[in-house]
Trainee: 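One structure, pasted below without further comment.
Since we're looking at a predicted model, the values are computed, not measured. Computed over heavy atoms, backbone and side chain alike; hydrogens, waters and symmetry mates excluded.
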Number of protein chains: 2
Amino acid sequence: MMLLDDRKQRILQAIIDDYISTAEPVGSRTVARKHELGLSSATIRNEMADLEEMGYLSQPHTSAGRIPSDKGYRFYVDKLMKVRELSADETESLRKAMEVRISEVNQLLKQASSVMSRFTNYTSVAVTPQMKKSVIKAIQTLPIDTGKALVVVVTNAGVIRNSIVKISESILPDTLTRIANFLNDKLSNMTIEKVDKSIFNEIERELVIPGKVVKPILDAVTHCIKQIDCPEVYLDGAINIFNHPEFRDISKAKEFLSVLDEKYVLYSIMDSVSNDRLINVLIGAENKVEEIKDCSLVTTTYSLGGMTIGSIGVIGPTRMEYSKVISSMKFIREKLNQEINKLLGDVDED
Amino acid sequence: MMLLDDRKQRILQAIIDDYISTAEPVGSRTVARKHELGLSSATIRNEMADLEEMGYLSQPHTSAGRIPSDKGYRFYVDKLMKVRELSADETESLRKAMEVRISEVNQLLKQASSVMSRFTNYTSVAVTPQMKKSVIKAIQTLPIDTGKALVVVVTNAGVIRNSIVKISESILPDTLTRIANFLNDKLSNMTIEKVDKSIFNEIERELVIPGKVVKPILDAVTHCIKQIDCPEVYLDGAINIFNHPEFRDISKAKEFLSVLDEKYVLYSIMDSVSNDRLINVLIGAENKVEEIKDCSLVTTTYSLGGMTIGSIGVIGPTRMEYSKVISSMKFIREKLNQEINKLLGDVDED
DNA sequence: AATTAGCACTCGACAAACTAGAGTGCTAAC
DNA sequence: GTTAGCACTCTAGTTTGTCGAGTGCTAATT
């Protein structure tokens, strides 16, 4: 495959920069005028025809300027784009926005998502991963009231779930404590994927307590574990899409928003993004969901002790300010990792 | 003020029924044709002119049919509308949709909201109320790991919040239990609005435990209480608005969605609705938020032992299928109250 | 051989002009 | 009190024409 020579690259960059800021197809004259390449429009015209043939640009219709194709954006993001430095004001406001007392990891993610959407003017998504590999740290049962108890499950990733159970009123707090201790012995330090029916059966056999009390508690534990494993999706700044002309058409806006409404679709997209890089960029049809094939997605993940505990992404039109999004996301990622450590740092020890 | 005679009422009803189903301004001919009132279009024309003068109808422009005004809808909802009975299929599918094992009240609300939006094809909002009047049932501290403990607060309304605290590693589980017992003695059965700085100061004075441990735990309790009191807003079916022609205009859709995005605006609307009736209907400009002055809101609340623990609403264009919305909401309300009782029935005892 | 100027052509966006149709208000007849 | 008839109004949709930006090609220039 033919490579882009230096001049072609500069022209491509000029076109994409221009298109990102104006949203209008870019013509040869514009390139010649605005960017000082020392070339006439005719020359640029020829180069643009080449770039189109090579698949980096496309034409909405014959007598319009060119717009970047997915391939064009890909090249731009990988090779051409100048990384934008955040100004002091910007870092300051991001830093401030992340300074909130937060007690659970999910809340932190949610907050980060909100910050990103406001800062970038795009829509932001945050998801918690499947937690199959996370480890149970503690299980506790608390008497709340006559006939009621609370079951709490805590994992090494700082996720906490609880569930109320009705129990016979004759159960003494001590009994509950005994059950909790037994559950802790059996289950703590296990990954949740390993917790299954057979273990519960075993527990039910070994733990002989009069009155039907063990079963409902085990059910509650199961329920908590299911909830821990069940990924959550947070969304922010959905209406930001109305700021971008590509969604002026109502049916486009609807398509986009309908994807956001289906949380599991969103989840599967976020989940399928490979996370081999710090920041991942998925351009246009690189994602498989038809409805958002004109959108790009910039994502990153957070981890604690080698375990991914959440990922966050910004989604907007392919004509996205990649530079701004990527640099702010790097910053937020950093900040978020710090916060997570502050919060849970020493809980984890692998 | 002049009252509507029987014929005017029937004509008004015909017009509104028609407009609700077609979304097109209704002309005199249409009324004469579709609804068998035994009157000619000319007569109806005269009556319509009267109805307009009286404020029940309005004309988008001189040579169009009439559309109902807010006042017209109000009369329709209060007096004219035939209550729609849900079919067996419909009740069945609603009943099924509400059958999910759910452990916390908020989840239940969220589920109800989702069901309503799917069933009605409008957007649904659910909010938890301010919980100032709710009563602390239990506070517990759990050791999770060396240097970490979990603080859990439970209220009579079934709301549970927790917060992680870092504590010195030398604190023994027994000490934690002692602290918890002390907190329970002091705080349980108090309404959360009564819990303030001075009580915490008192506790800090009386509860002498070496090592800085009491303070962080109290902070965590404060944090949990703040969270309990902090209302939450759930949203579902936002894209449903695209099904309705009044939002075909992108700026209208944006206005609507921007209100949904501002959770606190939504909250304040839902909160301000008087709940003196089973089902409340707020039509058009009856709500004070400019952006949704062309929308109506149908709401209801759920309570447990006299305390409101959540409210849910459906929001859509003023041209709403009030009948369907109201009847399904009645059903969901019923169902939800049952579920809440099943879940928390005997926790509460006033 | 690469670059540029020049020119005919294409196409979409926009505005002006026109048409069809639905609905009204009014008057006069029933 | 009700209805038929008619002139009038206004919107939505279509047609037509114009403008301008941009292209591709060819021939001249460096």
Side-chain angles (χ1 to χ4, degrees), chain A residues 2 4-12 14-16 18-19 21-69 72 245-246 248-250, chain B residues 2 4-12 14-16 18-19 21-69 72 245-246 248-250:
Chain A
M2 179 176 167
L4 295 182
D5 62 35
D6 193 56
R7 193 170 73 177
K8 283 199 172 55
Q9 293 196 12
R10 264 179 304 152
I11 291 174
L12 183 58
I15 293 170
I16 299 185
D18 210 80
Y19 185 67
S21 66
T22 66
E24 294 292 334
V26 186
S28 51
R29 254 186 72 99
T30 318
V31 177
R33 226 179 327 107
K34 282 207 214 167
H35 305 263
E36 295 170 358
L37 300 169
L39 294 169
S40 79
S41 68
T43 310
I44 291 170
R45 216 146 44 232
N46 289 328
E47 294 286 41
M48 283 167 78
D50 288 353
L51 285 167
E52 181 173 2
E53 205 177 342
M54 295 161 80
Y56 293 98
L57 296 175
S58 73
Q59 242 178 332
H61 51 86
T62 62
S63 72
R66 304 306 206 287
I67 63 175
S69 65
E246 26 274 279
R248 208 103 53 122
D249 177 18
I250 197 96
Chain B
M2 180 177 168
L4 295 182
D5 61 36
D6 193 54
R7 192 169 76 179
K8 282 199 171 58
Q9 293 195 12
R10 263 179 305 154
I11 291 175
L12 182 57
I15 292 170
I16 298 185
D18 210 80
Y19 185 66
S21 66
T22 66
E24 294 293 333
V26 186
S28 52
R29 255 187 70 99
T30 318
V31 176
R33 227 182 323 109
K34 282 208 215 167
H35 305 264
E36 295 169 357
L37 300 169
L39 294 169
S40 78
S41 67
T43 311
I44 290 169
R45 213 143 51 228
N46 289 328
E47 294 286 42
M48 283 168 76
D50 288 353
L51 284 167
E52 181 173 2
E53 205 177 341
M54 294 161 81
Y56 293 98
L57 296 176
S58 73
Q59 242 178 333
H61 53 85
T62 62
S63 73
R66 302 310 206 284
I67 62 175
S69 65
E246 23 275 280
R248 209 103 52 122
D249 176 18
I250 195 98

Trainee: Could you run down the sub-3.5 Å N/O contacts of the protein with nucleotides 11-14 of chain C?
Mentor:
unit_1  : atom_1 : unit_2   : atom_2 : d
dC11(C) : O4'    : Ser63(A) : OG     : 3.3
dC11(C) : O2     : Ser63(A) : OG     : 3.1

Trainee: Counting C-beta onward and ignoring hydrogens, is there a side-chain heavy-atom pair between Glu24(B) and Thr30(B) closer than 4.5 Å?
Mentor: no
Trainee: Go through it in stages, so that I can follow the logic: the residues are Leu4(A) and Leu51(A), the test is side chain to side chain contact (heavy atoms under 4.5 Å, CB included), and I'd like the CA-CA distance, side-chain angles, deciding distance and then a yes or no.
Mentor: CA-CA 9 Å; Leu4(A) 295 182; Leu51(A) 285 167; 3.8 Å; yes
Trainee: Looking at dT3(C), I'd like to know if its phosphate oxygens (OP1 or OP2) sit under 4.0 Å from a side-chain N or O belonging to Ser40(A).
Mentor: no
Trainee: Hey, mind stepping through Ile67(B) and Ser58(B) against side chain to side chain contact (heavy atoms under 4.5 Å, CB included) and telling me if it holds?
Mentor: CA-CA 5 Å; Ile67(B) 62 175; Ser58(B) 73; 3.6 Å; yes
Trainee: On DNA chain D, nearest-nucleotide positions of Ala42(B) versus Pro25(A): which is more 5'?
Mentor: Ala42(B)
Trainee: Under a criterion of less than 4.0 angstrom to any heavy atom of chain B, what are the 5'-terminal and 3'-terminal contacting nucleotides of DNA chain D?
Mentor: dT2(D) to dT11(D)
Trainee: For a side chain to side chain contact (heavy atoms under 4.5 Å, CB included) with Val31(A), tell me which candidate from Asp18(A), Leu12(A), Leu39(A), Leu37(A) qualifies.
Mentor: Leu37(A)
Trainee: Identify the two heavy atoms, one from Pro60(B) and one from Gly65(B), that lie closest to each other, and give their separation to 0.1 Å.
Mentor: CD-O, 3.3 Å
Trainee: Could you walk me through whether Val26(B) and Lys34(B) pass side chain to side chain contact (heavy atoms under 4.5 Å, CB included), step by step?
Mentor: CA-CA 11 Å; Val26(B) 186; Lys34(B) 282 208 215 167; over 6 Å; no
Trainee: Among residues 26-36 of chain B, which residues get a heavy atom nearer than 4.0 Å to DNA chain C?
Mentor: Gly27(B), Ser28(B), Thr30(B)
Trainee: To the nearest 0.5 Å, what is the distance between CD1 (Ile11(B)) and CD1 (Ile16(B))?
Mentor: 12.5 Å
Trainee: Rounded to the nearest Å, what distance is computed from the CZ atom of residue Arg45(B) to the P atom of nucleotide dA28(C)?
Mentor: 16 Å
Trainee: Where is the tightest heavy-atom contact between Ser28(A) and Arg45(A), given as atom of each residue plus distance?
Mentor: OG-NH1, 3.3 Å
Trainee: Using a 4.0 Å heavy-atom cut-off across all strands, classify Ala64(B) as base, sugar-phosphate, or nothing.
Mentor: sugar-phosphate
Trainee: Rounded to the nearest 0.5 Å, how far does CE of Met48(B) lie from CG of Leu57(B)?
Mentor: 6.5 Å
Trainee: Return the CE to CD distance between Met54(A) and Glu47(A), rounded to the nearest 0.5 Å.
Mentor: 9.5 Å
Trainee: Could you state the CG-C1' distance from Asn46(B) to dG23(C), rounded to the nearest angstrom?
Mentor: 14 Å
Trainee: May I have the distance from Asp50(A) (atom CG) to dA2(C) (atom C1'), rounded to whole angstrom?
Mentor: 13 Å
Trainee: What do the steps show when you test Asp5(A) against Lys8(A) for side chain to side chain contact (heavy atoms under 4.5 Å, CB included), and what is the final call?
Mentor: CA-CA 5 Å; Asp5(A) 62 35; Lys8(A) 283 199 172 55; 3.4 Å; yes
